[in-house]
Chemist: 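Here it is, the structure, as structure tokens.
FYI, the numbering just counts along the sequence from 1. No experiment lies behind these values; they were computed from the predicted model shown.
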Amino acid sequence: MTFAVSSTDFHYEANNKAHHTSEITGQRLILRRGQAFTITLNLHRGSQPEVDKVQLIAETGPSPSEASGTRAVFRVSGPPVKSSWSAAVQNSSSSSVTLSVTSPANASIGKYSLKIQAAKGTPQTSALGEFILLFNPWCADDSVHMQKDNEKQEYVMNEQGLLYRGCAESFSPSGWNFGQFEEDIVDICLKLLDVSPNYSKNPGLDCSRRSDPTYVGRVVSAMVNCNDDRGILLGRWANDFPDGTPPSRWTGSVEILRQWSLNGCRPVKYGQCWVYAAVMCTVMRCLGIPTRTITNFDSAHDTDGNLTIDEYYSVSGQELKLSSDSVWNFHVWVESWMARPDLPAGYDGWQVLDPTPQEKSEGVYCCGPAPVKAILEGDTNIKHDVPFVFAEVNADKVRWVVGSDGSKQKSYSNTRQVGSNISTKAVGANAREDVTHLYKYPEGSKTERDAFARAVRKRNGISDVTPNGPDAPKPPASGVIELSIKLQKTPVNGEDITFYLHIVNRNQSSKNLSITTVAQALRHNGRPEDPCWKNTQTIKIGANGETKVTLLVPYSKYGASMIENDIVKLTAIANEEGSNEMHMTEKDVLVTNPTLSIEVKGTPVLHQEFKAEITFTNTLSETLRNCLLTLSGIGLIRTKHEIP
């Protein structure tokens, strides 16, 4: 009797443990490419264990082919063959044969079937089973290889993380449950690839290109938002969130991904940048690509590609919406670790990918992968989307004051404000790591200014970043009045905002100043709401003198205007009596919320319930009713508790 298989043992637990996927399941085979796995072929009674007369077939995708790399036919031979599928006998008896099978380190990821057939004669095949193949940062030949074990543990294996939000001078972390190893998440992530427009247009080509993390990263970046496709999240930057969940209420990715999958791939309402980035981090880690979330404070959105951000204010201090450019008080994206063989040498490593739908890239709402090294050096000719990300972290900011007659006066040009305190979670600790130095040289240094000039030169013919032409604003006269805003203390939601305006007169004569100060609720994308508070006063300041003006924004004025991220923009403009001189300062103020404290009661025991006490202090001058407490975490179903 010829070689005939009665059943196959895929050694789920042992293989998954060796491939760092046992956190997902021990009930099916989930592998990483470029690494051997073991299978045992149990033979029919009387069958001959002549494995040299059979061959194995591994296939992925709806129309697998050897030409596209989605089908491999290979015989049992000796040691693994680099860049191809191979199999070798580990153990053999009259009743079974144990094989060591190795996939190439550049195989396409996805769901595979494994079959067996005779090497000669009849082409009939017998199915052995199925498995999932993922990227492998533990394999030196994989393009996502990461050398340090503690970094792999953090950027692939860690299911918990921190997201940083707020403004440059006042920000804090919030926990996030990535949950990439919840058992159904890997299927949802592969489903995400299968419903992409790329797959719909050409399934064979799409599955073939899934060997490349650069390609997979761009697909995932596009599919996390729903602007071009059947993507996961619908964004909304407004005061209300009808028929959906406000972005600040999400605490993890699992519920979002499950809701998207169960509802027929209809977008989940709602997301903003940190939610988009956190969900993408889950997907990329699940697929095996080392990934981390990055928060950039004072993050520029350069809509016209000139690497400057122009802002316009009225003489009364209100920000005018005359430009589509903006500076978000923070923006969150992800970095993924991969080689870039498609680029000149020197651009391997961390790559920026941004799923928040801001601008189109090659006709699609996605961004990256953009090498962090290219951003640092101002190499804006490198793909993908380096000019856009460079502007986010290092654009020059130009502020203009618009007179009642429409004239524009340049208030100042700031080369330092954009891109600060660029933050991520530290490896192996619930602490912040500052990675600003990876994106830009020290502000104001010659190296940093040279990188900016290089970015402009390489930006497709743009050589002048200042406004010009017949409508160009007039240059400002040299100022002698300095304004700054200082908080007396960090404000807490429910309390008044107390601050003082510090005014310095560096002129040899006294000045009469008309000072207008306004407060505006600020969305996290930098767009202000209408003023909720305004103060106008006239002061006289002596020659070479200085003074402080104490001001207070009552909670009764700003409370009803607060938006999801609780940020107030304070702006002050001083007009000199008898002249056209105007001076301006601004400050974004994060109004903090009271913290929750969690205290575990007793000693927790594995697989047993335990109690925890959660304490919250209401700082508002009113009673809170119908509150909702949401809990989520690894192994914990997201639960909601109403508090009367």
Chemist: Do S324 and T303 meet the criterion of a side-chain donor-acceptor pair at a distance under 3.5 Å?
Modeler: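 No.
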
Chemist: Report the distance from atom CD1 of I188 to atom CZ of R258, rounding to the nearest 0.5 Å.
Modeler: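 Separation between the atoms: 6.5 Å.
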
Chemist: Could you check if a side-chain atom of V386 sits within less than 4.5 angstrom of a side-chain atom of I375, using non-hydrogen atoms only?
Modeler: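 A side-chain contact under 4.5 Å exists here.
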
Chemist: For Q35, is there any backbone N or O sitting under 3.5 Å from a side-chain donor or acceptor partner on T102?
Modeler: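 It does not hold such a pair.
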
Chemist: Return the orientation label for the F131 and F37 ring planes: parallel under 30°, perpendicular over 60°, tilted otherwise.
Modeler: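 Judged by the thresholds at 30° and 60°, the geometry between F131 and F37 is tilted.
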
Chemist: Check this for me, if you would: do D194 and R210 make a salt bridge, where the nitrogen-to-carboxylate-oxygen distance has to be below 4.0 angstrom?
Modeler: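 Salt bridge between D194 and R210, a charged N being under 4.0 Å from a carboxylate O: yes.
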
Chemist: So, are D149 and K152 salt-bridged, with charged N and O less than 4.0 Å apart?
Modeler: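 A salt bridge is present here (some side-chain N lies under 4.0 Å from a carboxylate O).
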
Chemist: Please check: side-chain N/O of T424 versus main-chain N/O of I294, any donor-acceptor pairing under 3.5 Å?
Modeler: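 Between the backbone of I294 and the side chain of T424 there is no qualifying donor-acceptor contact (under 3.5 Å).
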
Chemist: Are a donor atom and an acceptor atom from the side chains of D354 and Y276 found within less than 3.5 Å of each other?
Modeler: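 Y276 and D354 do not have a side-chain donor-acceptor pair below 3.5 Å.
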
Chemist: Does the side chain of N306 come under 3.5 Å of the side chain of T308 through a donor N or O and an acceptor N or O?
Modeler: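 Judged by distance alone, the side chains do pair up.
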
Chemist: Does D206 come within less than 4.0 Å of K201, counting only side-chain N to carboxylate O?
Modeler: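 No.
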
Chemist: Given the side-chain rings of F171 and F330, with only the six-membered ring counted for Trp, is the space between their centroids under 6.0 Å?
Modeler: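 No, the ring centres sit 6.0 Å or more apart.
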
Chemist: Whether the side chain of D302 engages the backbone of G305 through a donor-acceptor N/O pair (distance < 3.5 Å, no angle test) should be reported.
Modeler: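 Yes.
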
Chemist: Between E335 and R292 (salt bridge meaning N to carboxylate O under 4.0 Å), is one present in this structure?
Modeler: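 Yes, E335 and R292 are salt-bridged.
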
Chemist: Do R218 and S361 get their side chains close enough for a donor-acceptor pair, meaning under 3.5 Å?
Modeler: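 Judged by distance alone, the side chains do pair up.
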
Chemist: Can we call the ring centroids of F388 and H301 under 6.0 Å apart?
Modeler: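 For F388 and H301, the ring centres are under 6.0 Å apart.
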
Chemist: Would you check if V334 and T293 make a side-chain contact, meaning some heavy-atom pair closer than 4.5 Å?
Modeler: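 The answer is yes, as the side chains (C-beta and beyond) meet within the 4.5 Å cut-off.
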
Chemist: Is the backbone N or O of D434 less than 3.5 Å from a side-chain atom of N421, with the two atoms forming a donor-acceptor pair by type?
Modeler: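 Looks like no, no N/O pair under 3.5 Å.
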
Chemist: Before accepting this row, confirm whether a basic side-chain N of the pair D187/R28 lies closer than 4.0 Å to the acidic partner's carboxylate O.
Modeler: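 Yes, this pair counts.
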
Chemist: Return yes if some donor-acceptor pair links the side-chain N/O of Q351 with the main-chain N/O of G349 below 3.5 Å, else return no.
Modeler: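 Checked: pair present.
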
Chemist: Between N493 and V591 (side chain of the first, backbone of the second, donor and acceptor by atom type, cut-off under 3.5 Å), is there such a pair?
Modeler: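 No, the answer is negative, given that no donor and acceptor are paired below the 3.5 Å cut-off.
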
Chemist: Looking only at heavy atoms, what is the nearest atom pair of K425 and N430, with distance?
Modeler: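 Reported closest heavy-atom pair: CE-OD1, 3.5 Å.
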
Chemist: Between W237 and W328, what is the ring plane arrangement, given parallel below 30°, perpendicular above 60°, and tilted in between?
Modeler: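 Rings of W237 and W328: perpendicular, as their planes differ by over 60°.
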
Chemist: Treating T70 as the side-chain partner and C207 as the backbone partner, does any N or O pair qualify as donor plus acceptor under 3.5 Å?
Modeler: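 Flag not set: sc T70 to bb C207 has no pair under 3.5 Å.
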
Chemist: Where do R33 and D141 land on the salt bridge (Lys or Arg N to Asp or Glu O under 4.0 Å) test, with the steps shown first?
Modeler: CA-CA 10 Å; R33 64 185 192 175; D141 294 325; over 6 Å; no

Chemist: Is there a donor-acceptor contact under 3.5 Å from the side chain of T21 to the main chain of I30?
Modeler: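 Answer holds: yes.
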
Chemist: Using a 4.5 Å cut-off on heavy atoms from C-beta on, say whether the side chain of E448 contacts that of N394.
Modeler: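 Yes - at least one pair of side-chain heavy atoms lies under 4.5 Å apart.
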
Chemist: Can a salt bridge be assigned to the pair K569 and E311 using a cut-off of 4.0 Å between side-chain N and carboxylate O?
Modeler: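 Between E311 and K569 there is no salt bridge, as every charged N stays at least 4.0 Å from the carboxylate O atoms.
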
Chemist: Using modelled atom types and a 3.5 Å cut-off, is there a donor and acceptor pairing between side-chain atoms of N296 and backbone atoms of H331?
Modeler: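 Side chain of N296 to backbone of H331, a donor-acceptor pair under 3.5 Å: no, none is there.
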
Chemist: Between R459 (side chain) and T380 (backbone), is there a donor-acceptor pair under 3.5 Å?
Modeler: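 Judged by distance alone, no pair lies under 3.5 Å.
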
Chemist: Pair F452, T415 - check side chain to side chain contact (heavy atoms under 4.5 Å, CB included), show working.
Modeler: CA-CA 10 Å; F452 185 88; T415 64; over 6 Å; no

Chemist: Quick one: is the NZ or CZ of R165 closer than 6.0 Å to the six-membered ring centre of W274, and within 45° of its axis?
Modeler: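 Checked: cation-pi criterion met.
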
Chemist: Are any non-hydrogen side-chain atoms of E362 and K383 less than 4.5 angstrom apart?
Modeler: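 SC-SC contact between E362 and K383 ruled out.
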
Chemist: Consider only side-chain N and O atoms of S253 and W176, and report whether a donor and an acceptor are under 3.5 Å apart.
Modeler: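 Yes.
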
